[in-house]
**Q** 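The following block contains the structure, expressed as C-alpha coordinates.
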Amino acid sequence: MHSIEYIYTWLFREYGPQGWWPLINHNGSNPTKTGIIKGYHPGVYSFPHNDDERFEICIGAILTQNTTWVNVEKAIENLNKRERVNPVSIANLDIDILKESTRPARYFNQKAQKIKIFTDFYLKLNGKTPKSEELLDIGGIGPETADCMLLYGFNTTSFVVDAYSKRMLINLGLITESATYQEVKRLFEENIPRDLIMYQEYHALIVEHAKRYYQKQPYGENDPLKTLMDSNT
DNA sequence: AACCAGGACGTGA
DNA sequence: TCACGTCATGGT
(Lines give C-alpha, C1' and ligand atoms only; values in the text may rest on other atoms or scores of the structure.)
Protein backbone atom coordinates (compact mmCIF):
# COMPACT_ATOMS: atom_id res chain seq x y z
CA MET A 1 0.00 0.00 0.00
CA HIS A 2 1.26 3.48 -0.90
CA SER A 3 1.95 5.87 1.99
CA ILE A 4 -0.85 8.14 0.78
CA GLU A 5 -3.38 5.36 1.22
CA TYR A 6 -1.86 4.27 4.51
CA ILE A 7 -2.21 7.80 5.88
CA TYR A 8 -5.89 7.81 4.97
CA THR A 9 -6.46 4.48 6.68
CA TRP A 10 -4.73 5.68 9.82
CA LEU A 11 -6.56 9.00 9.92
CA PHE A 12 -9.96 7.44 9.40
CA ARG A 13 -9.39 4.84 12.10
CA GLU A 14 -8.18 7.58 14.43
CA TYR A 15 -10.86 10.23 13.88
CA GLY A 16 -13.74 8.50 12.12
CA PRO A 17 -16.10 10.08 9.57
CA GLN A 18 -15.91 13.88 9.59
CA GLY A 19 -19.30 14.92 8.24
CA TRP A 20 -18.08 17.56 5.81
CA TRP A 21 -19.15 19.99 4.40
CA PRO A 22 -20.88 21.51 7.46
CA LEU A 23 -24.19 23.26 6.79
CA ILE A 24 -25.29 25.72 9.43
CA ASN A 25 -28.93 25.08 8.70
CA HIS A 26 -28.42 21.43 9.46
CA ASN A 27 -28.90 20.56 13.12
CA GLY A 28 -26.30 17.80 13.21
CA SER A 29 -23.16 18.21 15.26
CA ASN A 30 -20.02 16.44 16.34
CA PRO A 31 -18.80 17.58 19.74
CA THR A 32 -15.60 15.56 19.42
CA LYS A 33 -14.33 17.91 16.73
CA THR A 34 -12.08 20.82 17.56
CA GLY A 35 -13.70 24.25 17.86
CA ILE A 36 -17.00 23.36 16.30
CA ILE A 37 -20.44 24.81 16.75
CA LYS A 38 -22.70 22.78 14.50
CA GLY A 39 -23.56 21.64 11.01
CA TYR A 40 -21.44 18.52 10.58
CA HIS A 41 -23.13 15.30 9.54
CA PRO A 42 -20.69 12.42 10.15
CA GLY A 43 -21.46 9.29 8.18
CA VAL A 44 -24.19 10.92 6.11
CA TYR A 45 -23.21 11.33 2.48
CA SER A 46 -26.46 12.49 0.91
CA PHE A 47 -25.58 16.19 0.96
CA PRO A 48 -26.34 18.60 -0.57
CA HIS A 49 -30.05 17.80 -0.53
CA ASN A 50 -31.10 20.74 -2.65
CA ASP A 51 -29.87 23.77 -4.53
CA ASP A 52 -29.88 26.05 -1.48
CA GLU A 53 -27.60 23.71 0.40
CA ARG A 54 -25.28 23.49 -2.59
CA PHE A 55 -25.15 27.26 -2.74
CA GLU A 56 -24.42 27.53 0.98
CA ILE A 57 -21.46 25.19 0.55
CA CYS A 58 -20.08 27.36 -2.23
CA ILE A 59 -20.49 30.55 -0.21
CA GLY A 60 -18.87 28.86 2.77
CA ALA A 61 -15.94 27.85 0.58
CA ILE A 62 -15.34 31.49 -0.31
CA LEU A 63 -15.80 32.73 3.24
CA THR A 64 -13.41 30.19 4.74
CA GLN A 65 -10.44 31.34 2.66
CA ASN A 66 -7.62 31.79 5.17
CA THR A 67 -10.19 31.94 7.96
CA THR A 68 -11.36 29.71 10.78
CA TRP A 69 -14.66 27.91 10.33
CA VAL A 70 -16.13 29.30 13.56
CA ASN A 71 -15.80 32.78 12.10
CA VAL A 72 -17.40 31.63 8.87
CA GLU A 73 -20.30 30.21 10.86
CA LYS A 74 -20.81 33.59 12.47
CA ALA A 75 -20.91 35.23 9.07
CA ILE A 76 -23.43 32.75 7.70
CA GLU A 77 -25.53 33.04 10.85
CA ASN A 78 -25.56 36.81 10.43
CA LEU A 79 -26.71 36.40 6.84
CA ASN A 80 -29.30 33.88 7.88
CA LYS A 81 -30.89 36.33 10.29
CA ARG A 82 -31.61 38.77 7.49
CA GLU A 83 -32.09 36.62 4.43
CA ARG A 84 -32.67 33.05 3.52
CA VAL A 85 -29.24 32.05 2.18
CA ASN A 86 -30.01 31.20 -1.42
CA PRO A 87 -28.77 32.50 -4.79
CA VAL A 88 -31.69 34.80 -5.51
CA SER A 89 -31.79 36.56 -2.15
CA ILE A 90 -28.03 37.00 -2.05
CA ALA A 91 -28.07 38.36 -5.59
CA ASN A 92 -30.62 40.97 -4.51
CA LEU A 93 -29.01 41.72 -1.17
CA ASP A 94 -27.45 45.15 -0.70
CA ILE A 95 -23.66 44.89 -0.88
CA ASP A 96 -23.18 46.87 2.33
CA ILE A 97 -25.50 44.57 4.23
CA LEU A 98 -23.54 41.66 2.80
CA LYS A 99 -20.28 43.19 4.01
CA GLU A 100 -21.67 43.94 7.44
CA SER A 101 -22.96 40.38 7.81
CA THR A 102 -19.82 38.64 6.65
CA ARG A 103 -17.48 40.84 8.66
CA PRO A 104 -16.42 38.09 11.11
CA ALA A 105 -15.04 36.03 8.21
CA ARG A 106 -12.21 38.54 7.47
CA TYR A 107 -11.48 40.44 4.26
CA PHE A 108 -15.18 41.25 4.17
CA ASN A 109 -14.83 43.88 1.45
CA GLN A 110 -13.18 41.42 -0.89
CA LYS A 111 -15.33 38.47 0.10
CA ALA A 112 -18.63 40.33 -0.23
CA GLN A 113 -17.58 41.25 -3.75
CA LYS A 114 -16.52 37.68 -4.49
CA ILE A 115 -19.85 36.36 -3.23
CA LYS A 116 -21.78 38.80 -5.42
CA ILE A 117 -19.83 37.84 -8.52
CA PHE A 118 -20.03 34.15 -7.76
CA THR A 119 -23.78 34.34 -7.13
CA ASP A 120 -24.37 35.82 -10.57
CA PHE A 121 -22.30 33.02 -12.04
CA TYR A 122 -24.18 30.44 -9.99
CA LEU A 123 -27.57 31.63 -11.19
CA LYS A 124 -26.45 31.27 -14.79
CA LEU A 125 -25.52 27.64 -14.21
CA ASN A 126 -29.18 26.63 -14.15
CA GLY A 127 -28.41 23.49 -12.20
CA LYS A 128 -25.40 22.46 -14.26
CA THR A 129 -22.06 21.53 -12.73
CA PRO A 130 -19.34 24.03 -13.63
CA LYS A 131 -15.94 23.07 -15.00
CA SER A 132 -12.97 23.76 -12.75
CA GLU A 133 -11.60 26.28 -15.28
CA GLU A 134 -14.89 28.16 -15.30
CA LEU A 135 -14.73 28.58 -11.53
CA LEU A 136 -11.12 29.71 -11.70
CA ASP A 137 -11.97 32.29 -14.36
CA ILE A 138 -14.61 34.00 -12.23
CA GLY A 139 -12.02 35.72 -10.08
CA GLY A 140 -11.65 35.45 -6.33
CA ILE A 141 -11.83 31.69 -6.59
CA GLY A 142 -8.50 29.87 -6.55
CA PRO A 143 -7.74 26.16 -6.92
CA GLU A 144 -8.65 25.17 -3.37
CA THR A 145 -11.93 27.06 -3.26
CA ALA A 146 -12.89 25.67 -6.67
CA ASP A 147 -12.09 22.13 -5.59
CA CYS A 148 -14.08 22.54 -2.37
CA MET A 149 -17.11 23.66 -4.35
CA LEU A 150 -16.72 20.78 -6.78
CA LEU A 151 -16.02 18.08 -4.21
CA TYR A 152 -18.55 18.99 -1.52
CA GLY A 153 -21.07 21.11 -3.39
CA PHE A 154 -21.24 19.36 -6.76
CA ASN A 155 -20.14 15.86 -5.70
CA THR A 156 -17.31 15.81 -8.19
CA THR A 157 -14.32 13.59 -7.33
CA SER A 158 -11.75 16.37 -7.36
CA PHE A 159 -9.25 16.25 -4.50
CA VAL A 160 -8.89 19.32 -2.30
CA VAL A 161 -5.41 20.41 -1.30
CA ASP A 162 -4.76 23.04 1.34
CA ALA A 163 -1.91 24.50 3.36
CA TYR A 164 -2.32 21.78 5.96
CA SER A 165 -1.94 19.01 3.38
CA LYS A 166 1.35 20.44 2.18
CA ARG A 167 2.58 21.00 5.71
CA MET A 168 1.82 17.43 6.68
CA LEU A 169 3.26 15.81 3.55
CA ILE A 170 6.44 17.84 3.87
CA ASN A 171 6.83 16.72 7.46
CA LEU A 172 6.19 13.11 6.49
CA GLY A 173 8.85 13.39 3.79
CA LEU A 174 6.54 12.78 0.83
CA ILE A 175 6.94 16.16 -0.89
CA THR A 176 9.17 19.24 -0.71
CA GLU A 177 8.27 22.87 -0.07
CA SER A 178 8.41 23.61 -3.78
CA ALA A 179 5.55 21.22 -4.63
CA THR A 180 2.74 23.04 -6.46
CA TYR A 181 -0.99 22.72 -5.82
CA GLN A 182 -1.45 20.55 -8.89
CA GLU A 183 1.47 18.30 -7.99
CA VAL A 184 0.15 17.61 -4.50
CA LYS A 185 -3.36 17.10 -5.87
CA ARG A 186 -2.05 14.56 -8.34
CA LEU A 187 -0.09 12.73 -5.65
CA PHE A 188 -3.31 12.14 -3.73
CA GLU A 189 -5.44 11.32 -6.74
CA GLU A 190 -2.96 8.83 -8.19
CA ASN A 191 -2.60 6.85 -5.00
CA ILE A 192 -6.11 6.35 -3.70
CA PRO A 193 -9.22 4.97 -5.42
CA ARG A 194 -11.28 7.52 -7.35
CA ASP A 195 -14.02 7.50 -4.73
CA LEU A 196 -16.12 10.54 -3.84
CA ILE A 197 -16.59 9.68 -0.18
CA MET A 198 -12.90 8.91 0.29
CA TYR A 199 -11.93 12.22 -1.32
CA GLN A 200 -14.36 14.07 0.95
CA GLU A 201 -13.26 12.31 4.11
CA TYR A 202 -9.55 12.49 3.35
CA HIS A 203 -9.38 16.25 3.07
CA ALA A 204 -11.55 16.72 6.16
CA LEU A 205 -9.42 14.25 8.10
CA ILE A 206 -6.24 16.09 7.17
CA VAL A 207 -7.73 19.32 8.51
CA GLU A 208 -8.75 17.62 11.74
CA HIS A 209 -5.34 16.03 12.17
CA ALA A 210 -3.46 19.19 11.22
CA LYS A 211 -5.43 21.28 13.69
CA ARG A 212 -3.90 19.12 16.39
CA TYR A 213 -0.32 18.75 15.14
CA TYR A 214 0.36 21.29 12.40
CA GLN A 215 -0.89 24.60 13.75
CA LYS A 216 1.95 25.93 15.79
CA GLN A 217 5.60 25.66 14.98
CA PRO A 218 7.57 23.54 14.76
CA TYR A 219 4.96 21.95 12.50
CA GLY A 220 4.25 18.28 13.08
CA GLU A 221 6.67 18.06 16.00
CA ASN A 222 4.88 15.24 17.81
CA ASP A 223 2.74 13.89 15.01
CA PRO A 224 2.14 10.23 15.96
CA LEU A 225 1.70 9.42 12.29
CA LYS A 226 5.28 10.48 11.54
CA THR A 227 6.66 8.37 14.36
CA LEU A 228 4.72 5.42 13.00
CA MET A 229 5.81 5.93 9.41
CA ASP A 230 9.46 6.46 10.33
CA SER A 231 9.61 3.23 12.31
CA ASN A 232 8.00 1.30 9.47
CA THR A 233 10.70 1.84 6.87
C1' DA B 1 0.70 39.99 23.14
C1' DA B 2 2.19 37.71 19.24
C1' DC B 3 0.57 34.42 16.14
C1' DC B 4 -2.27 32.53 12.67
C1' DA B 5 -6.74 30.53 10.62
C1' DG B 6 -9.88 24.91 5.88
C1' DG B 7 -6.36 31.64 0.22
C1' DA B 8 -6.33 34.64 -3.66
C1' DC B 9 -4.45 38.25 -6.16
C1' DG B 10 -1.54 42.23 -7.52
C1' DT B 11 3.02 43.88 -7.88
C1' DG B 12 7.96 44.28 -9.16
C1' DA B 13 12.15 42.18 -10.18
C1' DT C 1 8.24 32.41 -12.65
C1' DC C 2 8.53 33.86 -7.70
C1' DA C 3 8.99 36.18 -3.36
C1' DC C 4 6.54 39.50 -1.08
C1' DG C 5 2.71 42.68 0.34
C1' DT C 6 -2.36 43.34 0.96
C1' DC C 7 -6.71 42.07 2.71
C1' DA C 8 -8.16 43.31 7.97
C1' DT C 9 -11.67 39.37 12.42
C1' DG C 10 -11.25 36.80 16.42
C1' DG C 11 -9.50 32.99 19.34
C1' DT C 12 -5.49 31.17 22.00
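Below, chain A is the first sequence line, B the second, and so on; all start at residue 1.
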**Q** Is Trp20(A) stacked on the base of dG6(B), meaning ring centres closer than 5.5 Å and planes within 30 degrees of each other?
**A** yes
**Q** Does a donor on one side chain and an acceptor on the other come within less than 3.5 Å for Asn86(A) and Ser89(A)?
**A**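 Checked: Asn86(A)/Ser89(A) side chains pair up, N/O donor to acceptor below 3.5 Å.
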**Q** Rounded to whole Å, how long is the line connecting atom CD of Glu177(A) with atom P of dT1(C)?
**A**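 It works out to 20 Å between those atoms.
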**Q** Assign the ring pair Tyr152(A) / Trp21(A) to parallel, tilted or perpendicular, where the plane angle (0 to 90°) is split at 30° and 60°.
**A**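 Judged by the thresholds at 30° and 60°, the geometry between Tyr152(A) and Trp21(A) is tilted.
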**Q** Taking protein heavy atoms under 4.0 Å as touching, what does nucleotides 6-12 of chain C look like 5' to 3' if B marks base contact, S marks sugar-phosphate-only contact and - marks none?
**A** -BBBSS-
**Q** Using the ring-ring contact (aromatic ring centres under 6.0 Å, His included) criterion, which residues pair with Phe118(A)? Sequence neighbours excluded.
**A** Tyr122(A)
**Q** What integer distance in Å separates Arg212(A):CZ from dA5(B):P?
**A**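 So the two atoms are 17 Å apart, to the nearest Å.
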**Q** Please report the distance separating the C1' of dC4(B) from the corresponding atom of dT6(C), rounded so that it comes out in whole Å.
**A** 16 Å
**Q** For the pair made of NE2 in His203(A) and C1' in dG7(B), what is the distance, rounded to whole Å?
**A**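 So the NE2-C1' distance, His203(A) to dG7(B), works out to 12 Å.
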**Q** Please classify the nucleic acid contact of Ile141(A) as base, sugar-phosphate, or nothing, using heavy-atom distances under 4.0 Å.
**A**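 Touches sugar-phosphate only.
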**Q** Ignoring hydrogens and angles, state whether a donor on the side chain of Thr176(A) or Ser178(A) is under 3.5 Å from an acceptor on the partner side chain.
**A** yes
**Q** Rounded to the nearest angstrom, tell me the gap between atom CE in Met149(A) and atom C1' in dG7(B).
**A**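 After rounding, the gap between these two atoms is 12 Å.
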**Q** Report the distance from atom CD1 of Ile62(A) to atom C1' of dG6(B), rounded to the nearest whole Å.
**A** 14 Å
**Q** In this structure, how many angstroms lie between the P atom of dG7(B) and the CD atom of Glu144(A), rounded?
**A** 5 Å
**Q** Run the side-chain donor-acceptor check on residues 125-146 of chain A: report pairs under 3.5 Å with partners two or more places apart or on a different chain.
**A**
unit_1: Glu134(A); atom_1: OE1; unit_2: Lys131(A); atom_2: N; d: 2.7
unit_1: Thr145(A); atom_1: OG1; unit_2: Gln65(A); atom_2: NE2; d: 2.9

**Q** Could you give the CG-to-P distance, from Asp147(A) to dG7(B), as a whole number of Å?
**A**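 Rounded to the whole Å, the gap is 13 Å.
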**Q** Quick one: is the NZ or CZ of Arg167(A) closer than 6.0 Å to the six-membered ring centre of Tyr214(A), and within 45° of its axis?
**A**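 No, Arg167(A) does not sit over the ring of Tyr214(A).
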**Q** Rounded to the nearest angstrom, tell me the gap between atom OH in Tyr219(A) and atom P in dG6(B).
**A** 12 Å
**Q** Just by distance, with hydrogens left out, do Asn66(A) and Tyr107(A) show a side-chain donor and acceptor under 3.5 Å apart?
**A** yes
**Q** Expressed in whole Å, how much space separates the C1' atoms belonging to dT12(C) and dA1(B)?
**A**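 Each nucleotide's C1' atom is 11 Å from the other's.
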**Q** Mind checking the P distance from dA8(B) to dG10(C)? Whole angstroms is fine.
**A** 22 Å
**Q** Please enumerate all residues that pass side chain to side chain donor-acceptor pair (under 3.5 Å) together with Thr227(A), with sequence neighbours excluded.
**A** none
**Q** Which residues pass the side chain to side chain donor-acceptor pair (under 3.5 Å) test with Thr157(A), sequence neighbours left out?
**A**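 Side chain to side chain donor-acceptor pair (under 3.5 Å) list for Thr157(A), sorted by chain: Arg194(A).
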**Q** Tell me, which of residues 163-173 of chain A have any heavy atom that sits under 4.0 Å from an atom in DNA chain B?
**A** Ala163(A), Tyr164(A), Arg167(A)
**Q** Taking only the P atom of each, what is the distance from dA8(C) to dC3(B) in whole angstrom?
**A**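 The same atom, P, in both gives a distance of 22 Å.
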